[in-house]
Protein chains: 2
Amino acid sequence: MDRVKKTKIKATPRMSRVTIIDVAEQAGVHWSTVSRALNPAKRHLISPEMIERISACVKRLGYRQNAMASALRTQKTRTIGVIVSNLGDPIHPPIVRAIEDRLGEIGYVVFVGNTDNDSMREAALIDRFISQGVDGLIVATFKLKDPLVDKCLLAGVPTVAVFRDPERPEIPSVRVDDAEAMARAVRHLVELGHRKIAHVGGPQNLSTGRNRYRGFRKACKTAFGADSEVIAKFGKAFTVDEGHSACGELLDQHRAITAIVAGNDMLAIGCLSAINHRGIKCPGDISLIGMNDMLFMDAVYPPLTTMHTPSRELGLQAANLLIDMIDGKKIEKGRHILASNLIIRSSASKPN
Amino acid sequence: MDRVKKTKIKATPRMSRVTIIDVAEQAGVHWSTVSRALNPAKRHLISPEMIERISACVKRLGYRQNAMASALRTQKTRTIGVIVSNLGDPIHPPIVRAIEDRLGEIGYVVFVGNTDNDSMREAALIDRFISQGVDGLIVATFKLKDPLVDKCLLAGVPTVAVFRDPERPEIPSVRVDDAEAMARAVRHLVELGHRKIAHVGGPQNLSTGRNRYRGFRKACKTAFGADSEVIAKFGKAFTVDEGHSACGELLDQHRAITAIVAGNDMLAIGCLSAINHRGIKCPGDISLIGMNDMLFMDAVYPPLTTMHTPSRELGLQAANLLIDMIDGKKIEKGRHILASNLIIRSSASKPN
DNA sequence: TGATTTCATGCACACGTTTGTCAACGGGAT
DNA sequence: ATCCCGTTGACAAACGTGTGCATGAAATCA
């Protein structure tokens, strides 16, 4: 009734939804009591029968806490932001899914945004998320030494990098051992008998692109000697198209190669298309290994031998890390590196 | 300084970020002036040079509007919620992506949540989104006549159904013409010469599952006569596994069939696996048509003939519809139905 | 029974905005 | 000089919660 009196006239047509004051009125108590009864952390201050009564009113009126008001008061939104380059890239959905699962089970709700690897867009997105008051950020788009990390740091928002690692010690990251993954792929090919192995890689300003290339390079040097030639082409992005054209150039310029290690499965699919396009055979004429083991890589032709990335686990660990940061627990600020293992299918075989 | 005085002691260590009051102080004006200067709709009330001065202070201090406070005041969060069954299902990411693109360009930010088709989880998610004060909801998980629609209606949250249609006149939906898509697939097979065609469908309590089956059924009746037998098996979900087992049963029980129309590509991939598993050939022994044309369906073996679903367009139209609803424009409350067209690849050929 | 502790609840302020209302000011017309 | 009007800027009241502190009642103890 307090509220009703205060409105200028009764003209205000009760547009607002039911508030804590309404249920207090129903229950015949002060709303602060309702607030406490509804807050698990303060519930112990209230008598059980009162809690019961209030709960009944809550249910009857269909009361829902106003998260904005609560957030304004507590400075916590129970909201986190997830930033990916492109949800349409099959590597991301499982990560986002895992994050949402983990965070959802403790009452968080997640924003997602795409950047298309555009720094402007990424900066704007971070700003918007911070403005929304997210309690934390999980970012899969940081470039190496990305200055955007500062924006998060400056705002004091707990941030963890996932998948791509900006390699900035101020924030933790969760990723796969990219270099070792590529090295493993190379070793597999070497074991099969290949001696001319090329790399179709991704952008070198990304940890994924760079580390994978480095792993490839190192494994080649180890296998073929320090002054052996390292054959590689880089796409401007991890896309099928870029894989197709990079592989095309490779095939034209180096006729002797018998195997390709692609920087990821998208590039690998592009390689496959370039290979087919030229009428040569995989794995007959040329072997191919991808990375990530995206969905359906077992159904393509030929079924793709690839390095499996535990994407769900990436998301899970990133989420757990973030939760700990938000809760103020001391956490390992370093690199959290997961293993990627070889999935042998049919796209890589002995050279003929 | 007002604020400083009011804090109990100066003990409060400036934990809060920079507020509108700080910039007002810097600019030497009242904060209401700052608010207006920053609000495009009210900016005309302020002199250009003042706007300039204020903007400078904003930039200098790195002020970011507190969305919670703003939302609390205006009852608008510029936030919308998107609900899907499973982001891991390749049909969803493009839809979500399109929604985020469209809404993002006008300053909205989107929540996403997964339900795994669990009504409890879905209800909880809707509650949580509403509690967060979303300005609108785009839901891809409604079942036929889903009572959860009422929850949204009751809360007065603009809601549009996408992909799956609850077929409730109170809310608009945008989807593909599922029945016609299946019919088109059947006609294609009939034209190729098939006479024994079966359906591997999805759950019949979903518009997608039911309409596709109906379209299949009707087309068969049209082609083979009203009292021809309609052969169909239904999976409990649109998954590869369900497709595999349903197709297995089909193959065991009906040896004469020469073609299968799957309810979607996931089921189709499952069918493919069941077919391969039995050592029969696709399309040699049995033709297969999927639906949706998910990513990589051109790279599987055999390249899948399928009905293309314009998923991006689905998301775009849903977003546009929602924007109009939020803006209070009168909109078409009915069904918005997009066409799905046949993509001919290699999994369907003449029967031998 | 009176003093003291414990417990449940009420009070009021603060969180950071937006916005209706109004005062102040300056210029132009009479 | 007076009056009026238009332009700017200031004020204060919400929006719905959380929470430290005060209060009152009941319970405990001497």
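Residue numbers begin at 1 in each chain, while the letters A, B, ... track the order of the sequences.
- Within 4.0 Å (heavy atoms only), Met68(A) reaches no atom of the nucleic acid at all.
- Across the protein-nucleic acid pair, Leu61(A) atom CG and dG16(D) atom C1' stand 16 Å apart, rounded to whole Å.
- Residue pairs meeting the ring pair (Phe, Tyr, Trp, His ring centres under 6.0 Å) criterion with at least one member in residues 20-73 of chain B, sequence neighbours excluded, do not occur.
- Among the nucleotides dT17(C), dG16(D), dA12(C), the one closest to the side chain of His30(A) is dA12(C).
- For Ser32(B), the listed nucleotide lying nearest its side chain is dC11(D); candidates were dC11(D), dT17(D), dG10(C).
- Residue Trp31(A) contributes atom CH2, which lies 11 Å from atom P of dG10(C) at whole-angstrom precision.
- Residues Ile20(A) and Gly28(B) both approach DNA chain D. Their nearest nucleotides, taken by heavy-atom distance, put Gly28(B) toward the 5′ side.
- Using a 3.5 Å distance cut-off with no hydrogens or angles, the side chains of Ser207(B) and Asp165(B) do not pair a donor with an acceptor.
- The nearest whole Å value for the distance from the CD1 atom in Ile54(B) to the P atom in dT8(D) is 13 Å.
- For residues 35-46 of chain A, proximity to DNA chain D is found at Ser35(A), Arg36(A), Asn39(A), Lys42(A), defined as any non-hydrogen atom under 4.0 angstrom from a strand atom.
- Legend: residues meeting ring pair (Phe, Tyr, Trp, His ring centres under 6.0 Å) with Phe129(A), ordered by chain and number and at least two apart, are Phe111(A).
- Applying the 4.0 Å criterion to OP1 and OP2 of dT8(D), one finds that Ser47(B) has every side-chain N and O outside that range.
- The phosphate of dA14(C) (OP1 or OP2) has no side-chain N or O of Gln75(A) nearer than 4.0 angstrom.
- Considering only the side chain of Tyr63(A), dT17(D) comes nearest among dT17(D), dA10(D), dG16(C).
- Within the structure, every pair that satisfies the side chain to side chain donor-acceptor pair (under 3.5 Å) test and touches residues 52-61 of chain B, not counting sequence neighbours, is listed here: Gln26(B)-Arg60(B).
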Check nucleotides 25-28 of chain C against the protein and report each pair of N or O atoms closer than 3.5 Å, with its distance, or say if there are none.
none

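- A 4.5 Å side-chain heavy-atom check between Val84(B) and Thr115(B) finds every atom pair outside the cut-off.
- Listed by chain and number, the residues in a side chain to side chain contact (heavy atoms under 4.5 Å, CB included) with Leu154(B) amount to none (sequence neighbours excluded).
- Residue pairs meeting the salt bridge (Lys or Arg N to Asp or Glu O under 4.0 Å) criterion with at least one member in residues 121-131 of chain A, sequence neighbours excluded, are Asp116(A)-Arg121(A), Arg121(A)-Glu100(B), Arg121(A)-Asp101(B), Asp127(A)-Lys151(A), Asp127(A)-Arg64(B).
- The CD-C1' distance, from Glu25(A) to dT17(D), rounds to 17 Å in whole Å.
- Each of Met50(B) and Leu72(B) was matched to the nucleotide of DNA chain D holding its nearest heavy atom; the match closer to the 5' end belongs to Met50(B).
- Residue pairs meeting the salt bridge (Lys or Arg N to Asp or Glu O under 4.0 Å) criterion with at least one partner in residues 76-89 of chain A, sequence neighbours excluded, are absent.
- Whole-Å rounding puts the Lys76(A) NZ to dG16(C) P distance at 13 Å.
- Across the protein-nucleic acid pair, Ile21(B) atom CD1 and dC11(D) atom P stand 12 Å apart, rounded to whole Å.
- Sorted by first then second residue, the salt bridge (Lys or Arg N to Asp or Glu O under 4.0 Å) pairs that include residues 27-46 of chain B, not counting sequence neighbours, number zero.
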